[in-house]
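Just so we're clear, the structure is a prediction, and the values are computed from it rather than from any experiment.
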Amino acid sequence: MNRFIQNHPGERDPSPRPDPDRDSKGIILLLAVLLVGIPTGIGIAVLKRLNAIGKIAHWEMYLTGCCLFLFCTALMVVIARRLSLRSVREQKKYYRLAGGLSWLPQEKREALQLDGPYCYNAGQWVETLEYWPCDIRLPRKTTFTTFRVTTTEDRLVANDQAWGVLSEESYEERIHSLFTGMHSQLFASDKLVMAASDKKTMVCRLRDLTQLPEAYVTSCWEPQGNKPPLLLWAFDLQRVIELSRTSFMAGLISEQQAWDQIQKASHYAHALFDSPDDFFNNYRLGHAYWSNDFGKTSEVAQMQKAYNNTCHWPIKEIAWVKQDPGTLPEVIRNSCREFVTAALKRNTRNTIGFQAGAAHEDLYNPLPGS
């Protein structure tokens with residue numbers, strides 16, 4: 001496999017681009033003067049003098065002058081390119097200080113692929129557990145000039161705003177609720193608790209919000225061959241991945257704890273869904289059910305479209321490996337039966353828009369100053 005370099009934080013190109021405007025435009029201009037202008041000027045003056053006193057012929061003067069100019073120019077280009085690729089060197093330095101980060105095993109890359117559209121949209125990293133360079137990885141405080149290192153305090157603030165998660169205990173509670181269908185169980189109970197007219201209204205609203213077929217919305221309540229109903233499991237499982245990544249960066253959980261939950265969510269996703277688009281479409285449905293906001297759902301749809309059409313990141317090329325649906329946990333296989341039964345006994349319905357508060361997408365917005 002080729003060298004391990006990701007996109008520059010905050011950008012969408014597969015690897016950092018040479019960018020003199022960002023890195024060292026002034027230095028490169030100075031180099032042009034010091035390494036090309038001055039040596040060439042002095043060299044030409046000396047060569048003219050030597051020619052004037054008969055030490056060298058005209059053709060020797062011109063040939064030597066051209067060679068001097070080309071040598072100085074080549075030297076400047078080499079140094080300028082090195083300066084313009086400072087972001088690559090700093091990324092390598094980060095990986096080295098972080099303990100030698102490199103390409104992850106295939107199973108972990110399959111899991112992080114589920115985060116691809118969001119990471120691509122915001123220019124976040126998707127080949128490492130952290131989606132942005134973070135100080136939890138570094139043995140000491142280190143300053144980088146081409147990207148900002150996010151602190152544990154940055155991540156804790158985001159965790160609190162989006163999740164109310166500020167401890168390992170609260171992380172585990174929220175992860176448990178996601179794995180038991182935080183949104184899927186509500187969607188499953190709506191099918192049976194809602195009046196027919198209200199259910200029709202909700203289905204049409206979700207269709208309009210997502211621009212997915214109405215038949216797709218209703219199909220998520222039904223078994224899919226040998227697989228249980230999809231409900232909104234992509235939305236629940238993706239949030240397990242999202243919360244685990246940011247909680248690791250916040251220093252609330254260990255790297256192993258994060259990977260354990262991320263790989264479990266990935267296994268379930270690859271057992272339920274047939275392709276990345278199948279997963280992302282269901283995610284969009286869950287997001288619409290949660291937000292009930294066309295502005296937000298349209299943005300998520302555009303994320304998926306941009307990822308499919310313009311993303312050239314290596315993570316996108318990973319094949320979708322299906323898992324055996326028989327390995328799914330009981331709560332997925334029985335469509336959150338326990339919760340639905342309790343909802344029927346209460347005879348209470350749920351409304352679309354599970355949560356109207358702070359959007360979880362905040363965790364993936366570009367960091368200030370990035």
Inter-residue atom distance Tyr171.OH - Leu243.CG, 0.5 Å rounding
6.0 Å

Enumerate the residue pairs fulfilling salt bridge (charged side-chain N to carboxylate O under 4.0 Å, His left out) with a member in residues 253-266, sequence neighbours excluded, ordered by first and then second residue.
Arg137-Glu255

Keeping Gln224 on the side-chain end and Pro229 on the backbone end, is there a donor-acceptor pair under 3.5 Å?
no

What closest approach, in Å, do Ala258 and Ser244 show between heavy atoms, and which atom pair accounts for it?
CB-O, 3.8 Å

So, Lys141 and Asp135, do they make that salt bridge, N to O below 4.0 Å?
no

Tell me the salt bridge (charged side-chain N to carboxylate O under 4.0 Å, His left out) pairs involving residues 273-291, sequence neighbours left out?
Lys227-Asp274, Asp274-Lys322

What do the steps show when you test Phe279 against Trp320 for side-chain contact (heavy atoms from CB on, under 4.5 Å), and what is the final call?
CA-CA 11 Å; Phe279 177 85; Trp320 187 270; 3.9 Å; yes

What distance separates Glu242 CD from Leu178 CG, expressed to the nearest 0.5 Å?
9.5 Å

Quick one: ring pair (Phe, Tyr, Trp, His ring centres under 6.0 Å) pairs with a partner in residues 139-159, sequence neighbours left out?
Phe144-Phe147

Can you list everything that forms a side chain to side chain donor-acceptor pair (under 3.5 Å) with Tyr95? Sequence neighbours excluded, please.
Gln6, Gln91

Minimum-distance pair of heavy atoms, taken over all atoms of Thr146 and Ser87
OG1-CA, 3.5 Å

How would you list all residue pairs meeting ring pair (Phe, Tyr, Trp, His ring centres under 6.0 Å) that involve residues 204-226, not counting sequence neighbours?
Phe187-Trp221

Is there a path of hydrophobic side-chain contacts, each under 4.5 Å between heavy atoms of I/L/V/M/F/W/Y residues, joining Val157 to Ile136?
no

Closest heavy-atom pair, Gln261 versus Phe179, reported as atoms and distance to 0.1 Å, is OE1-CE1, 3.1 Å

Go through Leu138 and Tyr94 one step at a time and tell me if the side-chain contact (heavy atoms from CB on, under 4.5 Å) criterion holds.
CA-CA 8 Å; Leu138 302 175; Tyr94 174 84; 3.7 Å; yes

Is the closest side-chain heavy-atom distance between Ser247 and Val165 below 4.5 Å?
yes

side-chain contact (heavy atoms from CB on, under 4.5 Å) partners of Ala188, counting only residues at least two apart
Leu231, Val340

Just verifying a value: how many Å separate Gln124 CD and Asp115 CG, rounded to the nearest 0.5 Å?
9.5 Å

Could you tell me whether a side-chain N or O of Asp13 sits under 3.5 Å from a main-chain N or O of Ser15, the two making a donor and an acceptor?
no

Could you tell me the separation between the CG atom of Asn282 and the SG atom of Cys220, rounded to the nearest 0.5 Å?
5.0 Å

Quick one: does NZ or CZ of Arg239 land under 6.0 Å from the six-membered ring centre of Trp290, within 45 degrees of the ring axis?
yes

Which heavy-atom pair separates Arg245 from Cys119 by the least distance, and what is that distance?
NH1-SG, 3.4 Å

The side-chain contact (heavy atoms from CB on, under 4.5 Å) partners of Ile318 (sequence neighbours excluded) come to Gln106, Arg109, Glu110, Gln113, Ile315

Would you say the side chains of Tyr120 and Gln304 form a donor-acceptor pair under 3.5 Å?
no

Pairs meeting criterion salt bridge (charged side-chain N to carboxylate O under 4.0 Å, His left out) with involvement of residues 326-335, two or more places apart:
Glu330-Arg333

Can you label the angle between the His183 ring and the Phe235 ring as parallel, tilted or perpendicular, going by 30° and 60°?
perpendicular

Worked check of side-chain contact (heavy atoms from CB on, under 4.5 Å) between Leu156 and Leu252
CA-CA 9 Å; Leu156 285 170; Leu252 300 180; 3.7 Å; yes

Glu168 meets the side chain to side chain donor-acceptor pair (under 3.5 Å) criterion, sequence neighbours left out, with Gln257

Residues Asn7, Arg12; criterion side-chain hydrogen bond (donor to acceptor under 3.5 Å, both in side chains); working and verdict:
CA-CA 6 Å; Asn7 57 296; Arg12 293 184 178 184; over 6 Å; no

Quick check, are the ring centers of Tyr131 and Tyr118 under 6.0 angstrom apart?
no

For Tyr268 and Trp233, I'd like to know if the aromatic rings sit close, meaning centre-to-centre distance below 6.0 Å.
no

Mind checking the CG-CG spacing from Asp293 to Leu209? Nearest 0.5 Å is all I need.
8.0 Å

Lys200: partners by side chain to side chain donor-acceptor pair (under 3.5 Å), with sequence neighbours left out:
Glu214

Side chain to side chain donor-acceptor pair (under 3.5 Å) partners of Thr327, counting only residues at least two apart:
His267

Between Lys108 and Glu127, is the salt bridge (charged side-chain N to carboxylate O under 4.0 Å, His left out) condition met? List the steps.
CA-CA 9 Å; Lys108 291 181 177 180; Glu127 296 282 2; over 6 Å; no

Please report the closest heavy-atom contact between Asp190 and Tyr289, naming both atoms and the distance.
OD2-OH, 2.7 Å

If you look at every heavy atom in Thr210 and Leu285, which pair is closest and at what distance?
CG2-CA, 4.0 Å

With sequence neighbours left out, the residues meeting side-chain contact (heavy atoms from CB on, under 4.5 Å) with Ala111 are Ile262, Ser266

Considering only NZ, NE, NH1 and NH2 on the basic side and carboxylate oxygens on the acidic side, decide whether Arg205 and Asp198 come within less than 4.0 Å.
no

